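Source: prediction; values computed, not measured.
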Amino acid sequence: MKSAKVAVALSGGMDSLSALLLLRERGFAASGLHGIFLPEALRPPDWLERLEALQRQAVDLDFALRVLDLSADFSRLVIQPFVRAYAAGLTPNPCAACNAAVKFGLLRRAALDGGSGWFATGHYARLEERADGPALLAASDASKDQSYFLALVPRESLGRVLFPLAEHAKSELRAWLEGQGVSPVQPGESQEICFIPGDDYRALLPGLAKEQGVELGGPGDAVLPDGRRIGRHQGLWRYTEGQRRGLGLAYSEPLYVLGKNRRENTLLLGGREEARGCGCRCGRANYLVEPAEWPATRLARIRYRQPAAPAEVKIVPDGGLDLFFTELADFPAPGQLAAVYAQESGGLRVLAGAVIESAVNCGLTGPA
RNA sequence: AGGGGUGUCGCCAAGUUGGUAAGGCAACGGAUUUUGGUUCCGUCAUUCGAGGGUUCGAAUCCUUCCGCCCCUG
């Protein structure tokens with residue numbers, strides 16, 4: 001019997017390599033699919049060497065490797081919206097956008113069109129085929145779970161997708177790879193897949209904005225909720241709601257960013273208690289489960305690594321979502337992702353994802 | 001010019017009878033981490049506005065000078 005063909009998105013890191021090898025062990029005919037995402041200007045100096053190393057590894061480990069240049073699409077679908085979002089006073093989540101549009105959009109399409117029956121990635125998340133379609137669930141290991149970043153992926157794009165790492169722990173995989181004498185081309189964490197060199201978006205953004213002809217905005221006043229001026233900010237795009245460090249403003253207590261007033265170009269700051277919110281309004285949602293089928297109890301996360309917390313979720317007529325947390329949570333950052341979950345016996349299932357538009361003031365002092 | 005107050009790390013601020021400089025903020029470094037953030041850990045004044053004196057020993061006592069801040073002219 002001919003084994004099923006699966007194309008695995010390979011970044012060069014250990015997760016995607018493990019995914020490929022695991023699938024092969026399970027009997028799949030696994031090939032690699034490497035998407036070049038970064039436009040030339042943002043590629044690290046040794047990117048070509050790394051690509052060649054990946055190609056050699058494919059030969060060594062005996063799998064086919066296809067390389068696809070998606071850099072123009074990545075720029076259009078991820079980088080440009082990222083820059084525009086910051087210019088608009090938002091805090092974008094490019095990884096979520098990339099998953100939705102590029103990895104599970106273009107790359108998956110290429111895999112399936114290329115003759116593979118399945119598309120796989122090295123995400124730590126679970127996918128189950130149900131009667132009503134694919135169900136996206138959090139990974140078994142909650143500390144590694146990446147389902148949050150996948151909440152904007154359209155349901156159709158999760159069809160014919162496999163997450164081989166779902167039940168595995170990273171440490172276990174690392175040992176497993178070592179046991180086979182295999183080491184990934186990129187040994188460190190998969191930070192290089194990001195288009196921000198050195199993780200410093202503040203250093204990169206002005207150049208990108210200039211290229212795109214986008215105005216980011218300059219310095220202005222930093223004010224407390226009572227209107228008191230306590231210093232200057234260096235441009236609203238440099239801050240995000242909930243941020244504490246890097247404000248450069250000394251005060252008797254730690255200060256957090258509560259909001260941005262773009263009209264006045266002021267940054268609103270407050271103490272720890274004020275930096276907690278209870279809800280937010282989100283834009284049009286990506287539904288992974290029809291709202292009619294949602295259980296009565298819902299959980300939500302509005303930032304990565306925040307545990308899913310009980311929340312009241314209302315669907316607004318225009319397709320947006322209103323979230324209210326039962327308990328005070330971290331301050332919502334517009335532009336970031338809200339993911340709605342349901343607790344099932346087998347784990348947390350993603351019901352929907354949406355982009356946060358604004359924080360809702362529930363009696364606390366908040367941004368206007 | 002008189003009267004009162006005050007001067008401790010970049011900022012806020014403990015330091016009561018002299019005993020050999022708390023803490024918070026910021027900053028920096030690290031841990032965590034496929035965004036931004038959060039959180040956690042660590043490092044940060046041989047010196048207390050300046051000079052002189054008393055004392056075994058002073059940021060704390062005395063003295064002179066300087067700088068701010070109020071109030072009254």
Side-chain angles (χ1 to χ4, degrees), chain A residues 9 11-16 19 37-38 74 78-79 81-83 85-86 88-104 121-125 139 141-152 163 165 170-171 184 186 188-205 222 224 230-233 236-260 267 269-272 275-277 301-307 309 328-339 353 355-356 359:
Chain A
S11 66
M14 71 158 273
D15 292 329
S16 51
F37 293 162
L38 302 189
F74 187 80
V78 180
I79 299 180
F82 172 84
V83 176
Y86 268 116
L90 304 170
T91 304
N93 189 327
C95 289
C98 174
N99 283 332
V102 182
K103 285 183 187 159
F104 293 89
T121 71
H123 283 96
Y124 288 90
D141 182 354
S143 67
K144 294 284 162 32
D145 173 47
Q146 294 174 331
S147 63
Y148 173 80
F149 288 102
L150 298 170
L152 290 184
F163 291 141
L165 306 190
K170 194 169 191 115
S171 52
Q186 290 181 23
E189 277 302 317
S190 54
Q191 304 212 322
E192 300 297 331
I193 64 166
C194 187
F195 56 91
I196 302 170
D199 275 341
D200 188 354
Y201 84 92
R202 283 172 259 256
L204 182 70
L205 211 47
L224 293 177
I230 61 163
R232 301 280 289 172
H233 73 254
L236 295 179
W237 57 276
R238 293 174 160 274
Y239 310 89
T240 192
E241 286 76 2
Q243 175 177 342
R244 170 184 172 179
R245 305 194 74 181
L247 300 179
L249 295 171
Y251 195 60
S252 50
E253 57 174 318
L255 291 173
Y256 294 78
V257 174
L258 301 184
K260 308 174 181 182
L267 189 67
L269 305 174
R272 188 191 194 91
R276 296 164 74 71
R301 296 162 77 182
I302 54 173
R303 49 216 326 144
Y304 183 48
R305 276 193 303 283
Q306 173 198 62
L328 287 181
D330 290 333
F331 211 84
Q336 286 289 294
L337 176 63
V355 176
I356 298 168

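- A distance of 11.5 Å separates CD in A/Gln336 from CG in A/Asp330, rounded to the nearest 0.5 Å.
- Rounded to the nearest Å, the gap between the C1' atom of B/G15 and that of B/G7 is 15 Å.
- Across all strands shown, B/U55 remains unpaired; no Watson-Crick or G-U wobble contact has both distances below 3.5 Å.
- Under the Watson-Crick and G-U wobble criteria, each requiring two contacts below 3.5 Å, nucleotide B/G2 is paired to B/C71.
- Taking atom P on both B/U32 and B/G36, the two are 15 Å apart, rounded to the nearest angstrom.
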Would you check, one step at a time, whether the test ring-ring contact (aromatic ring centres under 6.0 Å, His included) holds for A/Phe195 with A/Phe37?
CA-CA 8 Å; A/Phe195 56 91; A/Phe37 293 162; over 10 Å; no
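- Here the side chain of A/Tyr201 is nearest to one of B/G36, B/U34, B/U39, namely B/G36.
- Rounded to a whole angstrom, the distance from the P atom of B/C69 to that of B/U64 is 23 Å.
- In this structure, A/Lys260 NZ and A/Leu267 CG are separated by 7.5 Å, a value rounded to the nearest 0.5 Å.
- Mapping A/Tyr148 and A/Tyr251 onto RNA chain B via the closest heavy atom, the residue that lands nearer the 5' end is A/Tyr251.
- Here B/U33 is the nucleotide among B/U33, B/C25, B/G36 with the atom lying nearest to any side-chain atom of A/Lys144.
- The nucleotide B/C9 finds no pairing partner, because no Watson-Crick or G-U wobble arrangement with both distances shorter than 3.5 Å includes it.
- For A/Arg244 and B/G24, the shortest distance from a side-chain N or O to OP1 or OP2 is not below 4.0 Å.
- The partner of B/C28 is B/G42, by the rule that a Watson-Crick or G-U pair needs both atom distances under 3.5 Å.
- Separating the CG atom of A/Leu90 from the P atom of B/U35 is a distance of 19 Å, rounded to the nearest angstrom.
- Summarising the geometry, the separation between CZ on A/Arg245 and P on B/C40 is reported as 10 Å, rounded to the nearest angstrom.
- In this model, no side-chain donor or acceptor of A/Gln243 finds a partner on the base of B/U38 within 3.5 Å.
- Per the geometry, CZ belonging to A/Phe37 stands 16 Å off P belonging to B/U35, to the nearest Å.
- Map A/Arg305 and A/Ser252 each onto its nearest nucleotide of RNA chain B; the residue landing nearer the 5' end is A/Ser252.
- Remark: P of B/U34 and CZ of A/Phe163 are 15 Å apart, rounded to the nearest angstrom.
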Run the numbers on A/Val257 and A/Leu269 for side chain to side chain contact (heavy atoms under 4.5 Å, CB included), then give the verdict.
CA-CA 5 Å; A/Val257 174; A/Leu269 305 174; 3.9 Å; yes
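- Here the separation of B/G57 from B/C41, taken at their P atoms, is 41 Å to the nearest Å.
- Spacing between B/C11 and B/G53 at atom P, rounded to whole Å, works out to 30 Å.
- Among the atoms of the strands shown, only primed sugar atoms or phosphate atoms (P, OP1, OP2) are found under 4.0 Å from some heavy atom of A/Gly246.
- Salt-bridge annotation for A/Asp145 and A/Arg301: present, with a side-chain N of the basic residue lying under 4.0 Å from a carboxylate O of the acidic one.
- Rounded to whole Å, the distance from CG on A/Leu249 to P on B/C11 is 14 Å.
- Between the CD atom of A/Glu241 and the P atom of B/U38 there is a distance of 12 Å, rounded to whole Å.
- Within the 3.5 Å criterion, the main-chain N or O of A/Arg272 finds no donor-acceptor partner in the side chain of A/Arg244.
- Between the C1' atom of B/U33 and the NE2 atom of A/His123 lies a distance of 14 Å, rounded to the nearest Å.
- Close to B/U34, at under 4.0 Å from its OP1 or OP2, lies a side-chain N or O of A/Tyr304.
- The separation of B/A22 from B/U16, taken at their P atoms, amounts to 13 Å, rounded to a whole angstrom.
- Without hydrogens or angle criteria, A/Tyr201 side chain to A/Arg238 main chain gives a donor-acceptor distance under 3.5 Å.
- Distance from the side chain of A/Pro254 is smallest for B/A26 among the nucleotides B/A26, B/U39, B/U35.
- Using a 4.0 Å heavy-atom criterion, one finds that A/Gln306 contacts no nucleic acid atom at all.
- Residue A/Gln336 is classed as a base contact, given a heavy-atom separation below 4.0 Å to a base.
- Nucleotide B/U20: unpaired (no Watson-Crick or G-U wobble partner with both distances less than 3.5 Å).
- On the P atoms, B/G29 is 15 Å away from B/C44, given to the nearest whole Å.
- In this entry the distance linking CD1 of A/Ile230 with P of B/G24 reads 19 Å, nearest Å.
- A distance of about 8 Å separates the C1' atoms of B/G24 and B/A13, rounded to the whole Å.
- Using a 4.0 Å heavy-atom criterion, one finds that A/Arg238 contacts no nucleic acid atom at all.
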